Amino acid sequence: MRRIITFGTFDVLHVGHIKILQRAKDMGDHLTVGLSSDALSIAKKGRAPVYPFTSRQTILKALRFVDTVFMEESLEKKREYIIQHKADALVMGNDWEGKFDEFEDICDVIYLPRTPSISTTEIIEIIKETDL
Ligand code: C2G
């Protein structure tokens with residue numbers, strides 16, 4: 001049983017999120033997602049997520065290729081989370097290329113190419129501009 005772990009905010013879920021989660025699951029048998037708390041998301045992105053943690057968690061848990069979702073409270077706790085969830089591989093989008101290489105002593109660290117031309121920030125901008 002190969003266990004995969006990934007992290008993120010996954011706010012306003014879009015096809016880029018779906019693709020990375022699917023590709024992450026394809027690399028093993030079990031996928032754990034460390035879902036950023038609202039406070040961590042604010043610290044990372046400088047704005048609150050559109051959907052609060054509980055909604056983002058409900059959405060992720062409904063996906064058939066996601067097995068476990070837990071709250072990621074701090075970027076500094078990554079080593080602890082990897083060990084706690086017995087992950088054999090950490091999978092992240094390549095916007096994080098090189099950032100997590102320090103965990104290669106405890107698991108495989110794999111960066112996958114991001115899906116081009118889509119982001120939560122861009123979706124928010126488009127919705128804001130739409131004249132309802
Ligand atoms: N992603 C992607 N393609 C996009 C947009 C996002 O592949 N067009 C990937 C990112 O590379 C990331 C995941 O989707 O691996 C989640 O993205 P975010 O919700 O933006 O998460 P992020 O802020 O990068 O949080 O501990 C690490 C962080 O918590 C990661």
Side-chain angles (χ1 to χ4, degrees):
M1 168 92 136
R2 187 167 152 86
R3 299 174 64 92
I4 312 296
I5 195 165
T6 192
F7 295 88
T9 302
F10 298 98
D11 188 28
V12 190
L13 201 75
H14 59 66
V15 69
H17 295 142
I18 295 291
K19 282 188 173 172
I20 198 150
L21 292 169
Q22 269 176 335
R23 284 180 295 165
K25 178 61 178 273
D26 284 348
M27 307 194 93
D29 309 293
H30 182 280
L31 177 61
T32 299
V33 180
L35 181 61
S36 302
S37 66
D38 293 336
L40 176 58
S41 300
I42 293 166
K44 276 191 303 188
K45 304 196 189 260
R47 61 166 171 80
V50 175
Y51 298 155
F53 179 85
T54 48
S55 301
R56 291 182 286 114
Q57 185 178 38
T58 300
I59 292 167
L60 283 192
K61 278 187 166 174
L63 300 176
R64 68 169 171 272
F65 36 86
V66 172
D67 299 292
T68 305
V69 181
F70 74 96
M71 187 186 280
E72 177 195 33
E73 285 181 289
S74 158
L75 295 179
E76 276 68 53
K77 283 187 173 172
K78 205 155 263 101
R79 180 173 292 274
E80 205 178 293
Y81 294 141
I82 292 169
I83 294 169
Q84 199 179 328
H85 292 276
K86 300 184 171 48
D88 301 296
L90 166 63
V91 174
M92 291 299 299
N94 62 358
D95 42 330
W96 293 91
E97 186 82 53
K99 298 265 166 47
F100 301 127
D101 291 354
E102 64 190 281
F103 305 120
E104 280 170 345
D105 59 336
I106 52 168
C107 67
D108 296 336
V109 178
I110 301 156
Y111 305 98
L112 297 176
R114 272 171 71 94
T115 302
S117 319
I118 187 153
S119 72
T120 299
T121 308
E122 231 174 284
I123 294 168
I124 293 170
E125 287 309 312
I126 292 165
I127 294 169
K128 269 192 199 158
E129 284 163 20
T130 307
D131 223 358
L132 295 174

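Atoms within a ligand are numbered from 1 in the order they appear, just like the ligands themselves. Note that the structure is predicted; figures quoted are calculated from it, not measured.
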I need the nearest protein heavy-atom contact for atom 3 (N) of ligand 1: residue, atom name and distance, please.
Thr115 N, 3.1 Å

Closest to atom 23 (O) of ligand 1 by heavy-atom distance, out of His17, Lys45, Lys77, is Lys45

heavy-atom search around atom 1 (N) of ligand 1 in the protein gives Arg114 NH1, 3.9 Å

Does Glu72, backbone or side chain, put an N or O under 3.5 Å from an N or O of ligand 1?
yes

How far is atom 11 (O) of ligand 1 from its nearest protein heavy atom, and which residue and atom is that?
Asp95 OD1, 2.6 Å

Students should be able to answer this: which protein heavy-atom is nearest to atom 24 (O) of ligand 1, and at what distance?
Trp96 NE1, 2.7 Å

Tell me the protein heavy atom at minimum distance from atom 25 (O) of ligand 1, and give that distance in Å.
Lys44 NZ, 2.8 Å

Candidate pair Met92 and Thr6, rule side-chain contact (heavy atoms from CB on, under 4.5 Å), full reasoning
CA-CA 6 Å; Met92 291 299 299; Thr6 192; 3.7 Å; yes

Can you list the ligand 1 atoms lying under 4.0 Å from a non-hydrogen atom of Thr9?
18 (P), 19 (O), 21 (O)

Test side chain to side chain contact (heavy atoms under 4.5 Å, CB included) applied to Ile20 - qualifying residues, sequence neighbours left out:
Phe10, Arg23, Leu112

Which one of Ser36, Ser37, Ser41 satisfies the side-chain hydrogen bond (donor to acceptor under 3.5 Å, both in side chains) criterion with Glu72?
Ser36

Assess whether atom NZ of Lys19 is packed by more than 12 heavy atoms of other residues, nucleotides or ligands within 6.0 Å.
no

Evaluate Pro113 for polar contact with ligand 1, using N/O atom pairs at a separation under 3.5 Å.
no

Atom 15 (O) of ligand 1: which protein heavy atom is closest, and how many Å away?
Gly93 N, 3.0 Å

Looking only at non-hydrogen atoms, which of Met92, His14, Lys78 approaches atom 26 (O) of ligand 1 most closely?
Lys78

If we only consider heavy atoms of Ser36, is any one of them less than 4.0 Å away from an atom in ligand 1?
yes

Is any NZ, NE, NH1 or NH2 atom of the basic residue among Arg2 and Asp88 found under 4.0 Å from an Asp or Glu carboxylate oxygen of the other?
no

Does a donor on one side chain and an acceptor on the other come within less than 3.5 Å for Lys45 and Thr9?
no

Charged N to carboxylate O below 4.0 Å: is that the case for Arg56 and Asp38?
yes

Determine, stepwise, if the pair Phe7 / Trp96 fulfils side-chain contact (heavy atoms from CB on, under 4.5 Å).
CA-CA 11 Å; Phe7 295 88; Trp96 293 91; over 6 Å; no

For atom 19 (O) of ligand 1, the protein heavy atom that lies nearest, with its residue and separation
Phe10 N, 2.8 Å

Run the side-chain contact (heavy atoms from CB on, under 4.5 Å) test on His17 and His14 for me, step by step, so that the C-alpha distance in whole Å, both residues' side-chain angles and the decisive distance to 0.1 Å come before the verdict.
CA-CA 5 Å; His17 295 142; His14 59 66; 3.3 Å; yes

With heavy atoms and a 4.0 Å threshold, my read on which part of Leu40 contacts ligand 1 is neither

